[in-house]
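Quick caveat: nothing in here was measured; it's all calculated off a predicted structure.
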Amino acid sequence: MKNIKYSIIVPVFNEEEVIQQTYQRLITVMDSADAPYELLFINDGSKDRTEEILIEIGITDARVKLINFSRNFGHQVAISAGMDYAQGEAVIIIDADLQDPPELILDMIEKWMEGYDVVYAKRLSRKGESFFKKKSASLFYRTLRSMTDIDIPLDTGDFRLMDRKVVQQMNGLREKNRFVRGMASWVGFRQTAIEYERDERAAGETKYPLKRMLKLSMDGITSFSYKPLKLATYAGGLLAITGLIYMLYVFYLKIFTEATVPGWSSLIIIQLFFSSFVLILLGVMGEYIGRIYDETKNRPLYIVRDQYGMDEIKSIRQEPITLKNNSWKVTK
């Protein structure tokens with residue numbers, strides 16, 4: 001096979017309704033790029049017919065490769081696995097739901113040819129998403145940017161092109177709670193943006209409900225900022241000053257006036273506020289400690305159940321995995 005110039009990484013999870021359409025649009029775009037490419041689908045534990053459809057596609061198209069996880073490990077881990085296996089000089093990450101238009105890949109390639117190492121897509125609008133989703137996403141990106149020293153671009157997702165040397169550096173970052181777009185900013189290199197209007201999902205349901213969005217947000221903040229931990233120091237100082245002022249006020253009332261010192265209501269309110277704040281800070285510290293615990297276990301990021309069309313190519317990172325069915329001839 002010719003040297004692969006472009007690797008397209010597509011993490012998939014229960015995308016049977018859209019995966020055929022995604023494949024057709026991707027090959028239409030990449031055929032026009034007039035260079036060898038591979039479509040690397042990472043099946044993140046799908047329970048529907050996604051795997052079966054991809055196998056049917058791969059039997060007739062040698063450019064399609066499929067890696068099946070042993071279970072659902074998460075979207076960010078699936079992207080990381082794709083980068084481990086990708087062979088191209090340029091690696092493009094795109095979701096299967098077609099909210100990010102594959103046609104934009106050609107514009108990314110042009111920027112890469114100009115000398116940029118990372119070309120990321122910046123959303124100007126988000127069609128088909130609720131008011132809450134839009135506002136919460138906007139708040140998260142701005143909060144994250146204000147809390148870190150890393151320049152993480154606003155309103156960007158994982159849809160991007162990265163040069164081989166960038167991917168090699170990112171493959172060396174093996175933290176368990178991953179925030180890929182932040183890691184791409186952290187490694188540096190020459191980066192630029194392409195703006196676009198994000199479409200609605202072509203079919204199916206979002207794979208990032210509120211619970212997963214909150215986890216991704218926490219992963220992003222704890223991976224690139226220590227400021228939440230510093231909050232305890234600032235808050236402790238503020239509460240100490242407030243307590244001192246209130247104590248002086250109580251002494252003043254007792255010594256110089258006949259007024260009754262405010263009683264139980266104010267004390268209970270203060271106690272409830274202080275206790276709640278302490279519990280919140282303990283929760284924040286628990287998030288960091290939990291991530292330290294994850295790292296010390298030193299478990300692999302993912303486990304591959306089987307793979308198809310890989311021609312004995314193994315992950316750049318030698319995870320403890322069991323590989324079988326290295327061709328598209330499936331045996332049971």
A33: partners by side-chain contact (heavy atoms from CB on, under 4.5 Å), with sequence neighbours left out: Y6, M30, L106, I109
Non-neighbouring partners of E195 that pass side-chain hydrogen bond (donor to acceptor under 3.5 Å, both in side chains), sequence neighbours left out: none
For a 4.5 angstrom cut-off between non-hydrogen side-chain atoms, does L40 reach Q87? no
Test side chain to side chain contact (heavy atoms under 4.5 Å, CB included) on Y308 and N68 and set out the steps. CA-CA 9 Å; Y308 301 95; N68 291 313; 3.3 Å; yes
Would you list the atom pairs, donor with acceptor, under 3.5 Å between side chains in residues 110-118 and any protein atom, with sequence neighbours excluded?
unit_1	atom_1	unit_2	atom_2	d
W112	NE1	D163	OD1	2.8
D117	OD1	K165	NZ	2.8
D117	OD2	R190	N	3.2

Where do S46 and V12 come nearest, in terms of heavy atoms and distance? OG-O, 3.7 Å
If you compare all heavy atoms of I94 against all heavy atoms of P101, which two are closest, and at what distance to 0.1 Å? CD1-C, 4.4 Å
Applying ring pair (Phe, Tyr, Trp, His ring centres under 6.0 Å) as the test, list every pair that has at least one member in residues 20-73; sequence neighbours left out. F69-F73, F69-Y302
Locate the shortest heavy-atom distance separating G45 from F13; write the atom from each residue and the value. O-CE1, 3.5 Å
What residues, two or more places apart in sequence or in another chain, satisfy salt bridge (charged side-chain N to carboxylate O under 4.0 Å, His left out) together with E51? R305
How would you list, by chain and number, every residue that makes a salt bridge (charged side-chain N to carboxylate O under 4.0 Å, His left out) with E103, sequence neighbours excluded? R25
Using every non-hydrogen atom in the two residues, find where E16 and T50 come nearest and quote the distance to one decimal. N-OG1, 3.2 Å
Measuring from L98:CG to E15:CD, what's the distance to the nearest 0.5 Å? 9.0 Å
Output for pair (M170 CE, S80 OG), nearest 0.5 Å, gives 7.0 Å
From I93, D95, L104, residue fulfilling side-chain contact (heavy atoms from CB on, under 4.5 Å) relative to F159: L104
Under the rule for side-chain hydrogen bond (donor to acceptor under 3.5 Å, both in side chains), what residues qualify as partners of T22, not counting sequence neighbours? none
Could you pull out all residues at least two apart from T60 that satisfy side-chain contact (heavy atoms from CB on, under 4.5 Å)? none
Shortest non-hydrogen contact from A96 toward V18: O-CG1, 3.4 Å
Distance, nearest 0.5 Å, that separates CG of N43 from CG of D306: 9.0 Å
At their closest point, which heavy atom of A184 faces which heavy atom of Q191, and how far apart are they? O-NE2, 2.8 Å
How far does CG of D84 sit from CZ of R174, to the nearest 0.5 angstrom? 4.5 Å
Have a look at E38 and tell me which of K5, R63, K65 forms a side chain to side chain donor-acceptor pair (under 3.5 Å) with it. K65
pair V77-D44: side-chain heavy atoms closer than 4.5 Å: no
Using the side chain to side chain contact (heavy atoms under 4.5 Å, CB included) rule, take K122 and I194 through it: C-alpha gap first, then chi angles, then the decisive distance, then the call. CA-CA 6 Å; K122 181 175 181 179; I194 291 179; over 6 Å; no
To the nearest 0.5 Å, tell me how far E56 CD sits from Q20 CD. 8.5 Å
Would you check if I57 and L39 make a side-chain contact, meaning some heavy-atom pair closer than 4.5 Å? no
With a 4.5 Å limit on heavy-atom distance, are the side chains of Q76 and D158 in contact? yes
Salt bridge (charged side-chain N to carboxylate O under 4.0 Å, His left out) partners for D48, two or more places apart: none
One should read off an interatomic distance between L173 CG and R178 CZ, to the nearest 0.5 angstrom, of 7.0 Å
Using side-chain heavy atoms (C-beta onward) and a distance below 4.5 Å, is Y85 in contact with I42? no
State which residues pass side-chain hydrogen bond (donor to acceptor under 3.5 Å, both in side chains) with Q169; sequence neighbours excluded, sorted by chain then number. none
Using distance alone, with no hydrogens and no angle criterion, decide if T156 and R181 have a side-chain donor and acceptor under 3.5 Å apart. no
